[in-house]
Amino acid sequence: MKSASFISAALLVVASAEDPTPGYNHKIPDKIMTPDTVETSIGTLEFFDGMPKPETVDKLYDNLLLMRGTEAFLNGIPATSIEGLRLGHLDLGADSSNRFIIAEKLCDSNPLFLTANTDTVYCSGFLNLKQDGPTVVEVPAKCGPGTVNDAYFRFVVDMGAPGPDRGQGGKYLILPPDYQGDLEGPIGGEETEIDGEKYFVVQSPSYVNWVILRGFLVDGKTDFSNAMFKEGLKVYPLAKKETPPAMEFISMSEKSFNTIHANNFEFYEELHTVIDREPVSFLDPEIRGLFAAAGLEKGKPFEPDEREKKVLTEAVAIGNATARAIVFRNKLEGADLYSESAWKTAFVGGSYQWLKDDGVGGRNLDARTLFFYGATVNTPAMVLKMIGKGSQYAYAATGSNGDYLDGSKSYTLNIPANVPAKDFWSVVVYDPQTRSELQTSQPFPSRNNKRDDLIENADGSVTLHFGPKAAEGKENNWIQTVPGKGWWTILRLYGPLEPWFDKTWRPGEFELVE
């Protein structure tokens, strides 16, 4: 057995084999040291013995604000998107919970409205739970898919066909975040008897809530759904249930208005409005801290100085560009619906909460950005497999050659026979700038197999045509595009059937017509 003195001597020999780092008694691992000069993508960083020099300190703090500002944009999109919708409703006069806008003649391309469809009758309004307290929404029977989302675009409760009333109609009671009563309202709703009546009760995390309901066409017309909403929808504070205010319906059809958040410095002002209005508990501490690092904090004015405003203006430009890359060049794992195809899913991961691997991988932030930069309405019904119910979506921004779809060129898209849609299917074309319906001489830039008299091929498939001019004899199957502009599209299936989910049926690709 070797003596302790022998072992100590051996260790000393090993230690002395390496020369001490200058300024130290021993060799210091290089991996923990910072050189006096470091070259980076933001320039040369200079240090005195690991302490940043004054010019480097300024550069690093600017970069920190740039990173925080960019992340504030990407993570703030859900809040500003809802805020943009609220402001758009105000522009039309829907300034109280009993005033709803309605697409009496469907949603045409006049409004700026993220990926609105041309196929259902929208009925939409905002609740102000801080002002009104617990609020009742009476949903009429035979209402299509409806949803309530909070001020961060989180799911609160479904209504209508996918909701707990199952299309039979019912009363929903939305409780404010600071409610202090005996009622319980878990997200998704809980059936509760109040004064002998049945309510579906849910407590929202925010004061502002968006109610968006959809009605279907009957015989290709909007008459049934218009009457259903105007005669059956009622919204009022619970405190006024004995004398509820009369409903007012404001037509949104054929009107130009904006519901989309800013993509410049004004974005932060919109986000600050939401943060300042809602309770602190509305957001978790982590994201509150992120927003606060960009100067966006509840109860404090948002007043960046000239230097900070310059940095944040760059941050929002980078954030906006990043969101556009995520949407239009979607490289997220699980986004591809098919191999070697342009068709993507906007609900990557199949989670309305954007949880990766059932939450083991945390929240998929890029997947959330993808959805909310391009679309609206957050509900489990959009990701659940519900055969013959609800709806499913696919989007594409490129042709079969991998290039962006170009409005100056002509394309065809084959929709194979036996589309797995119990109710109907449609294809709508959108503007990449506004993510709203493409504005052309066609008020409805879309084709719908129930509304339009489409020409079928001999095998039962339908070939749709896209371009500045209609191919001769193909006018019924043509969607107009604009030279000098790009475009992208969404395929919708209402009442999706098994062949959609098992992918034994799939749409064709956009083929360039030479």
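Small disclaimer: the values here were computed from a predicted structure and weren't measured.
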From R492 atom CZ to D423 atom CG, the distance as rounded to the nearest 0.5 Å: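 Reported value, rounded in 0.5 Å steps: 14.5 Å.
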Could you tell me the separation between the OG1 atom of T379 and the CZ atom of R154, rounded to the nearest 0.5 Å?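 Reported to 0.5 Å precision, the distance equals 15.5 Å.
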Residues that [X] engages under ring-ring contact (aromatic ring centres under 6.0 Å, His included), provided they are two or more places apart:
X: W425; value: none
X: Y352; value: F155
X: F73; value: F267

Heavy-atom pair of closest approach, residues M247 and V235: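 Result for this residue pair: SD-N, 3.3 Å.
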Sequence neighbours excluded - salt bridge (Lys or Arg N to Asp or Glu O under 4.0 Å) pairs with any residue from [range]:
range: residues 155-165; answer: none
range: residues 329-351; answer: D336-K344
range: residues 206-230; answer: E104-K230

Quick one: ring pair (Phe, Tyr, Trp, His ring centres under 6.0 Å) pairs with a partner in residues 432-474, sequence neighbours left out?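 Checked against ring pair (Phe, Tyr, Trp, His ring centres under 6.0 Å) - neighbours excluded - the pairs reaching residues 432-474 are F466-W487, F466-F510.
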Between the side chains of N263 and Y373, is a donor N or O closer than 3.5 angstrom to an acceptor N or O?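 Short answer, yes.
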We want to know whether T118 and N448 form a side-chain donor-acceptor pair, criterion being a heavy-atom distance below 3.5 angstrom.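 Distance-only check fails for T118 and N448.
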Using side chain to side chain contact (heavy atoms under 4.5 Å, CB included) as the criterion, list what pairs up with [X], not counting sequence neighbours.
X: D453; result: N476
X: K171; result: V136, E138, E197, Y199, Y236
X: E83; result: R86, L87, T273, V274, R277
X: A116; result: C107, F113, Y122, E437

Can you name the residues that form a salt bridge (charged side-chain N to carboxylate O under 4.0 Å, His left out) with K385, not counting sequence neighbours?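 Listed in chain order: E498.
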Report yes or no: does T369 contribute a side-chain atom to a donor-acceptor pair with the main-chain N or O of A323 at less than 3.5 Å?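 No, because the side chain of T369 does not come within donor-acceptor range (under 3.5 Å) of the backbone of A323.
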